[in-house]
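All remarks here apply to the structure that follows.
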Protein chains: 2
Amino acid sequence: MSSYSPGETAEKTGFSIDTLRYYEKIGLLSEVARNAAGRRVFSDDDLKWLSMLRCLRETGMPIAEMLRYSELARGGGETVEERLALLQAHDERVEEQIRRLRTQQKQIHWKIGLYRDSLSEETPASVPAAASASA
Amino acid sequence: MSSYSPGETAEKTGFSIDTLRYYEKIGLLSEVARNAAGRRVFSDDDLKWLSMLRCLRETGMPIAEMLRYSELARGGGETVEERLALLQAHDERVEEQIRRLRTQQKQIHWKIGLYRDSLSEETPASVPAAASASA
DNA sequence: ATCGCACCTGGAGCGCACTCCAGGTCAACG
DNA sequence: CGTTGACCTGGAGTGCGCTCCAGGTGCGAT
C-alpha cells in the first residue's frame, strides 16, 4: 500500500480533510498528487510528513514557522543545517514549556491540598460518616 | 503595602492593563475597588487571585472554565468540593499535556539526530577540520 | 493656567488556525 | 438512468483571547 484517499488520510493523521486542503493551500504540503478525477492521492511520504507536522503543531509551533521548515525541507540537502537549528530552537521551547507546566502544576497541587484540608476540617459535626470510607 | 495601581498590577502579574480590564468585564475579577477618581485599586488579594488565574491560563484552561471557577470561588465554602473537582480534572489534563509533549519531543530528538548524522556524513572531503573539534 | 500622564469607557478590530458553505464533478450502484 | 457519496473549488465565517482606539477625566508638576 502507498496511496490514500483524503478520507483515509484524515483518519490516519488526525487532521480534518478541510485542514489537509488548507495545509496544501498555504504550502505546508507541496502539491499533493491527483488522480484522473482531480482528487487528492496521498502517499506514504505525505503521511510521514503530516505526522511530523502534527508533532510540531501539537508542541506549539506556529504555522508560519512550520511553513519556513517546509520550505527548507523542499530546498534539498543544503538546508539541513538550518533545519537542524530550527528544530533545536523549537526543542528548547518545548523543554521550557514542560518546565513551566511542571512549575504551575505545583501551584495547582498546592491549591488542591488546601481544598482537601478545608474539606476534612468540615466533616467533624455534619455528616455521620456517609460516603467515602476506605481508600 | 496592599494596594496597587493598574500599571503596577500589570507589571506584577504579567497581564496587560487591557487584559485586566477585560477580565474584570467578563467576571473573572469581580468588581475591583476604585478610588475617588474612579480608577482601579488592586488589593493583595486581587494579586493573589490574578496569580492563580495566570497559572490556570498558562496551563491551558479555557476562559470559560476559569469563569466557572471564579463563580465557585465567589460562592463561599459550599463550593469547595466542586472547585476541588475542577482543579483535579484540570490537573489531569496538565499531566496528559506533559506526557504528550514528552512523546513528541522524542520524535523531534530523533529528527534532530537524523540531521546531525546527515551533516557529519557530509564533512569528509569539504572542510579540513574547521569548527567543532572536541566534546 | 496648562501640560502631560495615567487612567477611564464602550465598542471595534485583530491574528490565528481552522471550519463551513454553496455549487459542482465524477464513479459506482441498483 | 437516477441517486448517492466522496470529493472538488473559492471564499466567507467562526471562536478565542485579547488588543486597540477615540474621546474624555482628574491630578501633580511647571
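The sequence lines fix the lettering, A, B, ..., with proteins before strands; numbering per chain opens at 1. Treat the numbers as computed from the prediction; the structure is a model and nothing was measured.
- Rounded to whole Å, the distance from CG on B/Asn35 to P on D/dG26 is 11 Å.
- Using a 4.0 Å heavy-atom distance criterion, B/Phe15 is classed as making no nucleic acid contact.
- Comparing B/Ala36 and B/Lys25 by the nucleotide of DNA chain D that holds the closest heavy atom to each, the one mapping nearer the 5' end is B/Lys25.
- Annotation: side chain to side chain contact (heavy atoms under 4.5 Å, CB included) contacts of A/Ser16 (sequence neighbours excluded): A/Asp18, A/Thr19.
- Taking the ring centroids of A/Tyr23 and A/Trp49, they lie at or beyond the 6.0 Å cut-off.
- You'll find the side chain of A/Gln97 stays beyond 4.5 Å of the side chain of B/Gln105, heavy atoms only.
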Within the sub-3.5 Å range, which N or O atoms of nucleotides 4-7 of chain D have a protein N or O partner, and how far apart are they?
from: D/dA6; atom 1: N3; to: A/Arg39; atom 2: NH1; distance (Å): 3.3
from: D/dA6; atom 1: N3; to: A/Arg39; atom 2: NH2; distance (Å): 2.8
from: D/dC7; atom 1: OP1; to: A/Ser5; atom 2: OG; distance (Å): 3.3
from: D/dC7; atom 1: OP1; to: A/Gly7; atom 2: N; distance (Å): 3.1

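- Scanning DNA chain C 5' to 3' for nucleotides with an atom closer than 4.0 angstrom to a non-hydrogen atom of chain B gives a first and last hit of C/dA6 to C/dG11.
- Residue pairs meeting the salt bridge (charged side-chain N to carboxylate O under 4.0 Å, His left out) criterion with at least one member in residues 25-42 of chain B, sequence neighbours excluded, are B/Glu24-B/Arg34, B/Glu24-B/Arg40.
- Between the side chain of B/Asp46 and the main chain of B/Ser43, a donor-acceptor pair closer than 3.5 Å is present.
- The pair B/Glu8-B/Lys12 fails the salt-bridge criterion, with no side-chain N (NZ, NE, NH1 or NH2) lying under 4.0 Å from an Asp/Glu carboxylate O.
- The shortest distance between the side-chain N/O atoms of B/Tyr22 and the OP1/OP2 oxygens of D/dC20 is not below 4.0 Å.
- Applying the side chain to side chain contact (heavy atoms under 4.5 Å, CB included) rule to B/Glu92 yields no partners; only residues at least two apart in sequence or on another chain are considered.
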Residues A/Tyr115, A/Trp110; criterion ring pair (Phe, Tyr, Trp, His ring centres under 6.0 Å); working and verdict: CA-CA 9 Å; A/Tyr115 286 146; A/Trp110 173 80; 9.5 Å; no
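- Using a 4.0 Å cut-off between a side-chain N of Lys or Arg and a carboxylate O of Asp or Glu, B/Glu96 and B/Arg99 qualify as a salt bridge.
- Within residues 60-73 of chain A, the residues having any heavy atom closer than 4.0 Å to DNA chain C are, in order of number, A/Pro62, A/Ile63.
- Linking Ile, Leu, Val, Met, Phe, Trp and Tyr whenever their side-chain heavy atoms come within less than 4.5 Å leaves B/Val41 and B/Leu29 in two separate clusters.
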